[in-house]
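It should be emphasised that the depicted structure is a prediction, and the values quoted were computed from it without experimental measurement.
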Amino acid sequence: MGTYAVTGSASGMGAASAALLTEAGHTVIGVDLRDADVIADLGTAEGRASAVEEILGACGGTLDGVAAVAGVGASMKDAATVVSVNHFGPVALLEGLRPALARSEAGHAVVISSNSASTVPLVDDALVELCLKGDEESARRHAREAQAAMPAEVTAFAPSISAYASSKLALAHWVRRTAVTPEWGREGVLLNAIAPGAVVTPLMLSSTGEDLDPDSFHTPMPLGTFGKPEDIAFWVHQFLRPEARFTTGSILYVDGGTDAAMRPDAQPSAMTL
């Protein structure tokens, strides 16, 4: 049995992932703002450093896996906070824990991106680039400025929708770029991402409200149903299993077919010379 850290463990997909790992007999170190083994705000540099230190202390310096599930939604009023929590939080945490994952000789990490990265037409390319450069201060400032310039009808519905989609796209790109570097790949640390769609969690309901109808939802729902946290937790568990030893740099859509319905020919795309 192994030792795993799960962020966002107090609710939603994080709680479901922690529960599934625990049921499988593993030791789980939960990280969240409340009701967790490690209490930390991953939206701040201090919180991330504290979380890394406490996790390393709890696991004795060796980790078998990390599920970076914690995130905030497009309903959050401050776009800068969305960027810090959704992108810089998991990146800093995983970079800090990478040596512990390498010590296990079969460390696996999975992060939660979103199908919003490819299905929301409000991605801010400049914000994505700032995130990938690691410039959190500039990214936060840009996110707030871009949010202030958004049409009122957009911000009334989802105040931080652009920052949300952009931060999740940046996180997916970070996974693809990072997973294949020697520091990760040749050290045997696997890094993948899951891109959920409409999963009924407190985060989703904060944006949509309780009155949900898949047939009138703002994106296609080919299966005619919404996802549950357990649907994502299943794949978190699969990516963290030792048998997933030849999978890295992957982005798995778990969205009931929404991305496929909206962009049927987007993946795979042929290499151009």
Same apolar cluster (I L V M F W Y, side chains within < 4.5 Å links), Ile194/Val199: yes
Which pairs would a plain distance check flag for residues 222-250, meaning a side-chain donor or acceptor within less than 3.5 Å of a matching protein atom at least two apart in sequence or in another chain?
residue: Asp231; atom: OD2; partner: Lys228; partner atom: N; Å: 2.8
residue: Thr248; atom: OG1; partner: Leu191; partner atom: N; Å: 3.0
residue: Thr248; atom: OG1; partner: Leu191; partner atom: O; Å: 3.4

Quick one: pull up OG in Ser84 and CG in Leu42 and give me the separation to the nearest 0.5 Å. 11.0 Å
Examine the side chains of Ser75 and Tyr164 and answer whether a donor and an acceptor come within less than 3.5 Å of each other. no
Quick one: CE on Met76 to OG on Ser160, what's the gap to the nearest 0.5 Å? 7.5 Å
So which atom in Ala18 and which in Ser9 form the shortest heavy-atom distance, rounded to 0.1 Å? CB-CB, 4.4 Å
What verdict does the side-chain contact (heavy atoms from CB on, under 4.5 Å) test give for Ile161 and Val120, after you've listed the backbone C-alpha separation in whole Å, the side-chain angles of each residue and the deciding distance to 0.1 Å? CA-CA 8 Å; Ile161 184 63; Val120 170; 3.9 Å; yes
Would you check if Lys77 and Thr155 make a side-chain contact, meaning some heavy-atom pair closer than 4.5 Å? no
Are Ser118 and Tyr253 packed together at the side-chain level, in the sense that at least one heavy-atom pair is separated by less than 4.5 angstrom? yes
Which pairs pass salt bridge (charged side-chain N to carboxylate O under 4.0 Å, His left out) with one or both residues in residues 127-136, sequence neighbours excluded? Arg48-Glu136
So, using side chain to side chain donor-acceptor pair (under 3.5 Å) as the criterion, who are the partners of Asp35 when residues are at least two apart? none
Could you list all the ring-ring contact (aromatic ring centres under 6.0 Å, His included) pairs where at least one residue sits in residues 18-52, not counting sequence neighbours? Tyr4-His26
Could you check if a side-chain atom of Lys168 sits within less than 4.5 angstrom of a side-chain atom of Ser116, using non-hydrogen atoms only? no
Find out whether Ile251 and Val175 are in side-chain contact, i.e. whether some heavy atom of one side chain is under 4.5 Å from a heavy atom of the other. yes
Throw together a table of side-chain donor-acceptor distances under 3.5 angstrom for residues 91-105, partners on residues two or more places apart or in other chains.
residue: Arg98; atom: NH1; partner: Glu183; partner atom: O; Å: 3.0
residue: Arg103; atom: NH1; partner: Gly61; partner atom: O; Å: 2.7
residue: Ser104; atom: OG; partner: Leu63; partner atom: O; Å: 3.3
residue: Ser104; atom: OG; partner: Leu101; partner atom: O; Å: 2.9
residue: Ser104; atom: OG; partner: Ala106; partner atom: N; Å: 3.2
residue: Ser104; atom: OG; partner: Gly107; partner atom: N; Å: 3.0

Do the non-hydrogen side-chain atoms of Gln147 and Ser162 ever get within less than 4.5 Å of each other? no
If we only count heavy atoms from C-beta on, is the Ser11 to Thr201 side-chain gap below 4.5 Å? no
Per-pair distances, 0.1 Å, donor-acceptor, side chain in residues 261-273, under 3.5 Å, sequence neighbours excluded:
residue: Arg263; atom: NE; partner: Asp259; partner atom: OD1; Å: 2.8
residue: Arg263; atom: NH2; partner: Asp259; partner atom: OD1; Å: 3.2
residue: Arg263; atom: NH2; partner: Asp259; partner atom: OD2; Å: 3.4

Give a yes or no on this: more than 12 heavy atoms of other residues, nucleotides or ligands lie within 6.0 Å of atom CD of Glu137. no
Transitively linked via ILVMFWY side-chain contacts under 4.5 Å: Ile112 with Leu171? no
Using the rule that two of Ile, Leu, Val, Met, Phe, Trp, Tyr join whenever any of their side-chain heavy atoms come within less than 4.5 Å, decide whether Trp184 and Leu132 are in one cluster. yes
Got more than 12 heavy atoms from elsewhere within 6.0 Å of CZ, Arg144? yes
Do Leu190 and Val111 belong together in a cluster built from hydrophobic side chains that touch within less than 4.5 Å? no
Side-chain heavy-atom pair Ile29, Cys59 within 4.5 angstrom cut-off: yes
